[in-house]
Novice: 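What follows is a structure written as structure tokens; I'll ask about it next.
Please read all numbers here as calculations on a predicted model, not as lab measurements. These numbers come from the heavy atoms of this one structure, side chains and all, not from hydrogens, waters or symmetry mates. The chains referred to below are lettered A, B, ... by the order of the sequence lines, with proteins before strands, and numbering in each begins at 1.
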There are 2 protein chains.
Amino acid sequence: MQVPQGTVLFRPEDACQGFVVVHSGTIKVTLTAENGREIVLYRVRPGEVCLQTFGCLVNHTTYSAEGVAETDCALEVVPAAEFERLVASDSAFRSRLFGAVAARFADLERLVEDVALSSVAERLARALLRLAGTSAAVDATHEALASEIGSAREVVSRQLGAFARDGLIEVTRGHIALTGRARLEALAHQAD
Amino acid sequence: MQVPQGTVLFRPEDACQGFVVVHSGTIKVTLTAENGREIVLYRVRPGEVCLQTFGCLVNHTTYSAEGVAETDCALEVVPAAEFERLVASDSAFRSRLFGAVAARFADLERLVEDVALSSVAERLARALLRLAGTSAAVDATHEALASEIGSAREVVSRQLGAFARDGLIEVTRGHIALTGRARLEALAHQAD
DNA sequence: CAGCGTCTGTGACAATGTCACCAAACCCAG
DNA sequence: CTGGGTTTGGTGACATTGTCACAGACGCTG
């Protein structure tokens with residue numbers, strides 16, 4: 001099924017309708033505090049697992065985070081019974097599922113490490129590099145970057161300002177060019 | 001195999017010897033930053049899964065956290081090949097494994113939410129209630145509590161001091177009595 | 001009983017997060 | 001094309017949290 005960008009796929013307390021498989025596009029899964037602060041837990045791209053959906057299906061619980069189509073998506077929702085049948089009888093499916101689940105947990109572990117044990121500069125450097133991929137720039141608002149690292153928009157504005165003054169980046173509205181990529185990488189890997 | 005309290009079972013970069021099954025006792029799994037700060041990711045008790053081990057086995061990677069026997073433990077290490085066989089052919093094992101993995105994911109998600117989006121008072125209240133269980137007191141150092149919530153010992157000392165002044169707890173060295181349990185619970189569930 | 005190690009408390013300061021406010025840029029409708 | 005509304009960004013003041021250094025209390029061992 002086709003889902004346009006911005007569609008909310010699930011919210012906390014929602015019942016789970018089936019296992020979500022992403023064929024194209026990206027789903028962003030976030031947690032939001034009462035004060036409006038939010039953090040991106042992970043993204044689901046083709047070949048990856050939505051752990052929320054997995055957890056709901058396996059333990060018969062409701063969603064505890066929010067999932068939004070970050071881009072236009074092509075999704076498939078596998079009914080719970082079909083999911084269980086695939087897990088039981090399709091060893092290739094199960095292997096991929098296990099691998100994807102394990103990879104996702106590694107991501108979450110790094111997120112915990114980031115948030116609990118790293119400075120804002122390190123976290124922001126990592127987020128910029130991750131969002132850029134092979135590109136030399138990131139298109140994101142300060143608010144979006146704040147959600148990526150679990151901080152506040154003002155804190156991101158300040159830190160981007162410091163990065164800009166130090167020559168690591170060049171900022172325009174909604175766009176950040178990574179002019180000092182090597183230094184960002186050095187910062188990003190400081191705690192490794 | 002019997003493992004005495006304090007035994008380091010695995011460290012970052014260690015190769016994975018097999019799937020660890022806990023028959024009795026508790027394993028504590030932590031991440032440590034370069035500056036010595038640490039955070040407890042989760043504990044593994046009988047019936048629970050060590051996600052580190054799971055992830056290493058499934059994706060053929062090395063450990064990325066440290067696992068220590070928090071108590072004397074009775075453990076079993078299932079060789080990787082046997083683990084894969086069990087996953088493939090033992091549906092009861094697989095069900096339990098999936099359920100445990102999903103429950104662990106929910107724990108990690110709450111940890112991220114805690115660390116990124118909650119105040120130190122809330123986090124400490126939750127940790128005290130969790131460590132106490134049904135008991136009316138917690139035996140832990142300030143340093144241990146700091147690891148539980150991913151903060152610093154001094155911050156925990158201050159916050160415990162504030163809790164004590166407000167009548168929520170009574171503190172002695174290495175021991176904390178939860179005298180105002182209802183108020184701790186109110187604080188712990190503030191963001192829910 | 002003394003000494004050493006561990007644990008705790010606190011002050012000063014740095015880093016980070018919050019709140020309020022304001023300005024600039026962008027977009028859309030008329 | 002212009003104006004108004006919305007979105008985005010910057011900044012100051014302040015609160016909370018984390019770091020560093022230091023000192024004192026407690027517990028254990030010889």
Novice: I'd like to know if the side chain of A:Gln52 pairs up with that of A:Ser64 as donor and acceptor (distance under 3.5 Å, no hydrogens or angles considered).
Specialist: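 There is such a pair between these side chains.
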Novice: B:Leu124 CG to D:dT16 C1': how many Å, rounded?
Specialist: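 Those two atoms, CG and C1', are 15 Å apart.
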Novice: Can you check the A:Asn35 CG to C:dG17 C1' distance for me, whole Å?
Specialist: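 Distance, rounded to whole Å: 10 Å.
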Novice: Which nucleotide, C:dT8, D:dT8, D:dT19, lies nearest any side-chain atom of B:Thr141?
Specialist: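 So the side chain of B:Thr141 is nearest to C:dT8.
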Novice: Rounding to an integer number of Å, can you tell me how far A:Leu117 CG sits from D:dT17 C1'?
Specialist: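 Rounded to whole Å, this separation is 14 Å.
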Novice: Can you measure A:Glu154 atom CD to D:dG9 atom P for me and round it to whole angstrom units?
Specialist: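 Checked: the CD to P distance equals 12 Å.
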Novice: Rounded to whole Å, please give me the gap between CZ in A:Arg153 and C1' in D:dG12.
Specialist: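 Going from CZ in A:Arg153 over to C1' in D:dG12 covers 13 Å.
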Novice: Classify the nucleic acid contact of B:Gly161 as base, sugar-phosphate or nothing, counting any heavy atom under 4.0 Å across all strands shown.
Specialist: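 Answer is nothing: B:Gly161 stays at 4.0 Å or more from every strand.
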Novice: Does a sphere of radius 6.0 Å around CZ in A:Arg11 hold more than 12 heavy atoms from other residues, nucleotides or ligands, not counting ones at 6.0 Å or beyond?
Specialist: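 Counting neighbours around CZ of A:Arg11, 12 or fewer heavy atoms of other residues, nucleotides or ligands fall under 6.0 Å, so no.
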Novice: Identify whether any heavy atom of B:Arg158 sits under 4.0 Å from a base atom; if not, whether one sits that close to sugar-phosphate; answer base, sugar-phosphate or nothing.
Specialist: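 Base, at least one base atom sits under 4.0 Å.
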Novice: Would you call B:Glu185-B:Arg181 a salt bridge at under 4.0 Å N-O?
Specialist: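 Salt bridge flag = yes for B:Arg181 with B:Glu185.
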Novice: Return whichever of B:Gly150 or A:His175 has its heavy-atom-nearest nucleotide of DNA chain D closer to the 5' end.
Specialist: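 Its nucleotide being nearer the 5' end, the pick is A:His175.
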Novice: Just checking, any donor-acceptor pair under 3.5 angstrom between side chains of A:Ser24 and A:Arg45?
Specialist: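 No donor-acceptor contact under 3.5 Å links the two side chains.
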Novice: B:Val155 or A:Val120: which one's nearest nucleotide on DNA chain C is closer to the 5' end?
Specialist: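 Final value for this comparison: B:Val155.
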Novice: Roughly, in whole Å, what's the span from CD in B:Gln159 to P in C:dT8?
Specialist: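 My rounded result for the distance is 16 Å.
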Novice: It should be established whether A:Ser151 places a side-chain nitrogen or oxygen under 4.0 Å from OP1 or OP2 of nucleotide C:dT16.
Specialist: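 So the side chain of A:Ser151 is outside the cut-off, no N or O lying under 4.0 Å from OP1 or OP2 of C:dT16.
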Novice: Take atom CZ of A:Arg173 and atom C1' of C:dC27, then tell me their distance rounded to the nearest Å.
Specialist: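 To the nearest whole Å, that distance equals 10 Å.
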Novice: Between B:Ser118 and B:Arg126, do the side chains contain a donor N or O and an acceptor N or O under 3.5 Å apart?
Specialist: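 Yes, B:Ser118 and B:Arg126 have a side-chain donor paired with an acceptor closer than 3.5 Å.
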Novice: How long is the line joining CZ of B:Arg37 and P of C:dA14, in whole Å?
Specialist: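 My rounded result for the distance is 19 Å.
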